[in-house]
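Can you read through this structure? Questions will come right after.
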Amino acid sequence: MRNDIPLTVIGNLVEDPELRFTPNGVPVARFTVASTPRTFDREADAWRDGEPTFLDCTAWRQLAENLAASARKGARLVVAGRLRTERWETPEGEKRSKMVMEADEVAASMTFATVAITRTPRAVPPQATAPDDPWATASPTRPAPPATDAPHGQEPPF
């Protein structure tokens, strides 16, 4: 078990997600979710908004690309992930830190909206082994059976 702090946040997307790529080509999306508590004021007979909490989030790989293609500013999201601390030093030498959520799952909230789900096609990995390698992973075509000295219709004895 990892020592991460699991967390689920429901809130609105503050800006469109920012999609970038690492030097190795790995997609990463940064986004901020604002969660505002609401309470009912019985004296005023009305709902009151509390102080919003802004949480910076990061999504990686396919999740990052899907999020950037799907979510826009103002969208209500459900984000599940792990809380971690980012640390850095300013040019003046001051040490800084902030809590950031590493998103494992991001979904649209359907409380106030409808959603159409579209599956993302999987990318086909490149062929890394020689086509005649007997230990290679399965391919879409079945290889021809090896020639045997066994009579027709009988299995070789191995």
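All heavy atoms count here, side chains included; hydrogens, waters and symmetry mates do not. Everything numeric here is computed off the predicted structure, so don't read it as measured data.
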Does Arg42 have more than 12 heavy atoms from other residues, nucleotides or ligands lying within 6.0 Å of its CZ?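 Counting neighbours around CZ of Arg42, 12 or fewer heavy atoms of other residues, nucleotides or ligands fall under 6.0 Å, so no.
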
Is there a path of hydrophobic side-chain contacts, each under 4.5 Å between heavy atoms of I, L, V, M, F, W or Y residues, that connects Leu7 with Leu63?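 In one cluster: yes.
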
How long is the span from the CE atom in Met99 to the CD atom in Glu86, to the nearest 0.5 Å? 10.5 Å

Pairwise distance CG(Leu19) to CZ(Arg30) - rounded to 0.5 angstrom: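 Output value for this atom pair is 12.0 Å.
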
Going only through I, L, V, M, F, W and Y residues with side-chain contacts under 4.5 Å, is there a path from Val79 to Phe54? no

Does the side chain of Val9 come within less than 4.5 Å of Thr53's, by heavy atoms? no

In Å and rounded to the nearest 0.5 Å, what is the CH2 to CG distance from Trp47 to Asp41?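 Atom-to-atom, Trp47:CH2 and Asp41:CG are 11.0 Å apart.
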
Output side-chain donor-acceptor pairs under 3.5 Å for residues 101-111, partner residues at least two apart or in another chain, one line each.
from, atom 1, to, atom 2, distance (Å)
Glu102, OE1, Arg84, NE, 2.6
Glu102, OE1, Arg84, NH2, 3.2
Glu102, OE2, Trp60, NE1, 2.7
Asp104, OD1, Arg82, NE, 3.4
Asp104, OD1, Arg82, NH2, 2.7
Asp104, OD2, Arg82, NE, 3.1
Ser109, OG, Thr111, N, 3.4
Ser109, OG, Thr111, OG1, 3.3

Not counting sequence neighbours, which residues clear side-chain hydrogen bond (donor to acceptor under 3.5 Å, both in side chains) with Arg61? List them please. none

Check whether any side-chain heavy atom of Val33 sits under 4.5 Å from a side-chain heavy atom of Phe31, and report yes or no.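 Yes - at least one pair of side-chain heavy atoms lies under 4.5 Å apart.
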
Can you list the residues that meet the side chain to side chain contact (heavy atoms under 4.5 Å, CB included) rule with Thr114, with sequence neighbours excluded?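 Per chain and number, Thr114 pairs via side chain to side chain contact (heavy atoms under 4.5 Å, CB included) with no residue.
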
What's the shortest heavy-atom distance between Ala29 and Ala64, and which atoms? N-CB, 3.5 Å

Nearest 0.5 Å, please: how far is CZ in Arg48 from CZ in Arg38?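 Rounded to the nearest 0.5 Å, the CZ-CZ separation comes out at 10.5 Å.
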
Counting distance only, does the side-chain N/O of Asp16 pair as donor-acceptor with the main-chain N or O of Lys73 below 3.5 Å? yes

So Ile10 and Arg76, do their side chains get closer than 4.5 Å, heavy atoms only?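 They are in contact (side-chain heavy atoms under 4.5 Å apart), so the answer is yes.
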
Would you say Leu67 ends up clustered with Val26 if hydrophobic residues are merged whenever their side chains have heavy atoms under 4.5 Å apart, either directly or through other cluster members? no

If you count heavy atoms of other groups shown closer than 6.0 angstrom to CD of Glu92, is the number above 12? yes

Tell me, yes or no, whether the heavy-atom count around Arg72 atom CZ, taken from other residues, nucleotides or ligands under 6.0 Å, exceeds 12.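 Correct, the count exceeds 12.
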
Any idea which heavy atoms bring Leu13 and Glu15 closest together, and the distance? CG-O, 3.1 Å

Provide the closest heavy-atom pair for Ala71 versus Leu77 in the form atom of the first, atom of the second, distance.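 Heavy atoms only, the tightest pair is CB-CD2, 4.4 Å.
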
